[in-house]
Amino acid sequence: MRRQAAAVAAVAAVAATAVAVALPSPQPAAAAGEKTLAWTAVHRTGSPPEHPKEGDTWSVYADLQGPSGEPAGDGSAVCTVVLLRYEGVVAQCRYVLRGNDGTLVLESMENRFGRGPYRADAAVVGGTGAYAGAKGEVRLTIDDRRTLYRVQLR
């Protein structure tokens with residue numbers, strides 16, 4: 001009887017291990033080839049219109065800096081107001097970031113409500129050089145004088 005109980009327990013342990021190995025983990029492991037970039041764009045020109053209306057467009061040109069403040073390239077943004085609301089605007093934006101080893105192109109739809117800073121997510125829609133064929137997501141934090149980019153490439 002004890003031998004049978006031990007055998008059943010052993011089979012149960014093997015089955016539980018097999019199920020645990022087969023189930024996806026709750027925290028996915030970082031895939032090979034993933035890369036994170038942290039850039040700050042210091043705005044040199046441009047700003048949104050003071051009294052925007054639907055269809056208004058603005059652009060920004062900026063110097064890119066790396067995580068330690070080192071020069072990392074330049075960038076631009078072009079945004080168009082697609083919806084005017086009492087608390088602010090919804091804007092569709094395209095960002096082009098020219099880093100030292102390639103260019104990334106980003107697209108976003110942003111709520112620019114209140115005074116900011118504004119936070120938005122953007123999609124990486126392509127790139128050149130070291131970023132050719134890039135895909136991923138970007139977390140943006142935007143204020144009057146700078147934009148922070150946390151880029152997660154896949």
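Both backbone and side-chain heavy atoms feed into the values below; hydrogens, waters and symmetry mates do not.
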Do the side chains of Arg112 and Pro52 get nearer than 4.5 Å, heavy atoms only? no
Would you say that more than 12 heavy atoms from the other residues, nucleotides or ligands in this model lie under 6.0 Å from the CZ of Arg139, or not? yes
Should Trp39 and Val60 be regarded as members of a common hydrophobic cluster, given that ILVMFWY residues are connected when their side-chain heavy atoms come within less than 4.5 Å of each other, either directly or indirectly? no
Determine whether Tyr95 and Leu140 make a side-chain contact, defined as any pair of heavy atoms from C-beta on separated by less than 4.5 Å. yes
Quick check on side-chain contact (heavy atoms from CB on, under 4.5 Å): which of Leu104, Thr128, Thr103 does Arg98 satisfy it with? Thr103
With side chain to side chain contact (heavy atoms under 4.5 Å, CB included) as the criterion, how do Leu83 and Glu54 come out once you've worked through the C-alpha distance, each side chain's angles and the decisive distance to 0.1 Å? CA-CA 6 Å; Leu83 180 65; Glu54 290 172 1; 3.7 Å; yes
Pick out which of Arg150, Gln152, Arg154 makes a side chain to side chain donor-acceptor pair (under 3.5 Å) with Glu137. Arg154
Heavy-atom check, side chain of Arg119 versus side chain of Pro117, under 4.5 Å: yes
Heavy-atom closest pair, residues Asp56 and His51: OD2-O, 4.1 Å
Taking it one step at a time, do Val90 and Met109 satisfy side chain to side chain contact (heavy atoms under 4.5 Å, CB included)? CA-CA 7 Å; Val90 177; Met109 183 79 81; 3.8 Å; yes
Pairwise side-chain contact, Tyr131 with Asp101, heavy-atom cut-off 4.5 Å (strictly under): yes
Here the pair of heavy atoms bringing Gly66 nearest to Ala72 is N-CB, 3.7 Å
Heavy atoms of Ala91 and Trp58 approach each other most closely as CB-CH2, 3.8 Å
Where do Val138 and Tyr149 come nearest, in terms of heavy atoms and distance? CG1-CD2, 4.1 Å
I need the Leu148 CG to Gln65 CD distance, nearest 0.5 Å. 10.0 Å
Can a donor-acceptor pair be found, under 3.5 Å and without considering hydrogens, that links the side chain of Glu107 to the backbone of Ala123? no
Any heavy-atom pair between the side chains of Val81 and Lys53 that's under 4.5 Å? no
Step-by-step side chain to side chain contact (heavy atoms under 4.5 Å, CB included) determination, Tyr118 to Thr141: CA-CA 6 Å; Tyr118 309 108; Thr141 304; over 6 Å; no
Residues Asp74, Tyr61; criterion side chain to side chain contact (heavy atoms under 4.5 Å, CB included); working and verdict: CA-CA 8 Å; Asp74 65 353; Tyr61 177 79; 2.7 Å; yes
Check for a donor-acceptor pair, side chain of Arg145 on one end and backbone N or O of Val42 on the other, with a separation under 3.5 Å. no
Mind listing the closest non-hydrogen atom pair of Leu64 and Ala41 along with its distance? CD2-CB, 3.9 Å
Mind checking the CG-CG spacing from Leu153 to Leu37? Nearest 0.5 Å is all I need. 5.0 Å
Of all heavy-atom pairs between Leu106 and Ala122, which one has the smallest distance, and what is that distance? CB-CB, 4.2 Å
